[in-house]
Amino acid sequence: MKIRVEIDKEVKETEVVIRASEQTDDVKKLYEEISRKIINKRIKLFQGATEFYINSSNILFFETDERIVNAHTRSDLFETHLRLYELENLLPQNFMRISKSAIINLDEVYTLTRSLTGNLIAFHESYKQVYVSRRYFKDVKKRLESREK
């Protein structure tokens with residue numbers, strides 16, 4: 001594997017390109033690692049009149065509640081003025097929609113439980129849980145299993 005840095009004053013935005021002869025597990029892991037490092041965005045969230053700038057990696061999930069989008073961390077609840085579809089475009093690859101009303105951080109998932117009453121996700125070191133709709137369950141399970149390797 002070769003690593004090369006090219007400096008060009010004409011470039012407006014930094015770009016990272018991975019060239020490989022085929023898609024391997026190593027290429028996939030490298031891509032995911034770089035994505036996590038580069039795209040750990042700070043998101044403006046609110047509690048009342050106070051603005052907070054929180055790293056996306058600290059957010060467990062986003063959930064709508066009567067037209068208000070809430071961001072859940074391990075211990076706090078924040079509000080955002082963005083809609084879920086806007087967050088989907090803004091958030092890094094480790095976030096995924098799991099229902100019409102929720103987006104989760106896949107890196108923080110601790111358990112995925114399937115039962116007759118619903119599919120439930122629990123998070124590391126948190127009492128918070130969120131339901132996965134049947135429509136999204138297969139994709140969520142596949143994404144979680146692909147992260148095991």
Side-chain angles (χ1 to χ4, degrees), residues 1 3-20 23-113 119-133 135-149:
M1 182 182 303
I3 298 176
R4 186 176 74 209
V5 176
E6 295 176 4
I7 305 300
D8 183 356
K9 295 185 190 259
E10 303 288 316
V11 172
K12 292 183 180 10
E13 185 179 5
T14 302
E15 178 184 20
V16 177
V17 177
I18 301 171
R19 287 199 179 109
Q23 176 78 358
T24 63
D25 287 340
D26 288 339
V27 170
K28 207 182 287 184
K29 285 179 186 175
L30 182 61
Y31 172 79
E32 288 174 2
E33 240 354 90
I34 292 170
S35 293
R36 271 191 219 112
K37 299 287 184 200
I38 291 176
I39 312 177
N40 188 14
K41 296 191 177 216
R42 293 174 87 68
I43 299 173
K44 182 165 59 169
L45 302 172
F46 302 89
Q47 279 184 338
T50 307
E51 292 181 13
F52 293 85
Y53 295 88
I54 308 287
N55 281 339
S56 62
S57 61
N58 293 332
I59 297 170
L60 301 176
F61 63 98
F62 292 91
E63 183 177 48
T64 58
D65 183 26
E66 295 184 18
R67 294 187 158 251
I68 296 171
V69 178
N70 293 312
H72 294 260
T73 62
R74 280 184 176 69
S75 57
D76 284 319
L77 176 68
F78 299 93
E79 191 177 310
T80 179
H81 297 296
L82 299 169
R83 298 281 173 236
L84 285 181
Y85 72 89
E86 294 171 320
L87 286 167
E88 271 187 300
N89 295 327
L90 176 75
L91 292 167
Q93 298 283 344
N94 56 319
F95 281 84
M96 178 181 189
R97 186 176 286 250
I98 61 164
S99 68
K100 286 172 91 174
S101 62
I103 296 173
I104 61 166
N105 181 347
L106 293 167
D107 293 341
E108 295 296 326
V109 172
Y110 184 62
T111 63
L112 174 61
T113 306
N119 307 313
L120 196 64
I121 287 183
F123 299 93
H124 291 286
E125 300 172 10
S126 177
Y127 64 90
K128 297 182 179 185
Q129 299 177 329
V130 67
Y131 283 97
V132 180
S133 72
R135 177 180 174 214
Y136 291 90
F137 183 80
K138 267 188 188 173
D139 292 335
V140 171
K141 188 172 180 185
K142 187 186 293 184
R143 289 272 304 270
L144 288 170
E145 287 173 350
S146 73
R147 293 172 155 276
E148 286 178 355
K149 300 173 184 173

Peer 1: Check for a donor-acceptor pair, side chain of His72 on one end and backbone N or O of Phe62 on the other, with a separation under 3.5 Å.
Peer 2: no
Peer 1: Which distance, rounded to the nearest 0.5 Å, do you find between the NZ of Lys44 and the NE2 of His81?
Peer 2: 7.0 Å
Peer 1: Can you check whether Val109 reaches Val140 side chain to side chain, under 4.5 Å on heavy atoms?
Peer 2: no
Peer 1: Is the backbone N or O of Asp107 less than 3.5 Å from a side-chain atom of Asn105, with the two atoms forming a donor-acceptor pair by type?
Peer 2: yes
Peer 1: Has Glu125 got more than 12 heavy atoms of other residues, nucleotides or ligands less than 6.0 Å from its CD?
Peer 2: no
Peer 1: Taking Lys28 for the side chain and Gln23 for the main chain, is one N or O donor matched with an acceptor at less than 3.5 Å?
Peer 2: no
Peer 1: Please check: side-chain N/O of Glu63 versus main-chain N/O of Ser101, any donor-acceptor pairing under 3.5 Å?
Peer 2: no
Peer 1: Using modelled atom types and a 3.5 Å cut-off, is there a donor and acceptor pairing between side-chain atoms of Arg83 and backbone atoms of Arg67?
Peer 2: yes
Peer 1: Could you grab the distance from atom CD1 of Ile103 to atom CE of Met96, nearest 0.5 Å is fine?
Peer 2: 11.0 Å
Peer 1: Taking atom types as modelled, find out whether Asn70 and Asp65 have a side-chain donor-acceptor pair closer than 3.5 angstrom.
Peer 2: no
Peer 1: Measure from the side-chain N and O atoms of Thr111 to the backbone N and O of Thr113, and report whether any donor-acceptor pair falls under 3.5 Å.
Peer 2: no
Peer 1: Taking the side chain as every heavy atom from C-beta outward, state whether Ile43 and Leu91 have any atom pair closer than 4.5 Å.
Peer 2: yes
Peer 1: Can you tell me how far the CG atom of Leu90 sits from the OG atom of Ser56, to the nearest 0.5 Å?
Peer 2: 8.5 Å
Peer 1: Quick check: closest heavy atoms across Phe61 and Lys128, and the distance to 0.1 Å?
Peer 2: CE2-CB, 4.0 Å
Peer 1: Check this for me: Phe46, atom CZ, are more than 12 non-hydrogen atoms of other residues, nucleotides or ligands nearer than 6.0 Å?
Peer 2: yes
Peer 1: Between CD1 of Ile54 and OG1 of Thr80, what distance do you get to the nearest 0.5 Å?
Peer 2: 11.5 Å
Peer 1: Distance from Ile59 atom CD1 to Thr73 atom OG1, nearest 0.5 Å?
Peer 2: 8.0 Å
Peer 1: If you look at every heavy atom in Phe123 and Tyr110, which pair is closest and at what distance?
Peer 2: C-CB, 3.6 Å
Peer 1: Do Arg19 and Arg4 touch side chain to side chain, with heavy atoms closer than 4.5 Å?
Peer 2: yes
Peer 1: To the nearest 0.5 Å, tell me how far Leu144 CG sits from Ile104 CD1.
Peer 2: 6.0 Å
Peer 1: Counting only heavy atoms from other residues, nucleotides and ligands, does the tally under 6.0 Å from CZ of Arg74 exceed 12?
Peer 2: yes
Peer 1: Tell me if a side-chain donor or acceptor on Arg143 pairs with a main-chain N or O of Ser146 at a distance below 3.5 Å.
Peer 2: no
Peer 1: For the residue pair Asn119 and Tyr136, establish whether any side-chain heavy-atom pair is separated by less than 4.5 Å.
Peer 2: no
Peer 1: Less than 4.5 Å apart, any side-chain heavy atom of Val69 and any of Leu82?
Peer 2: no
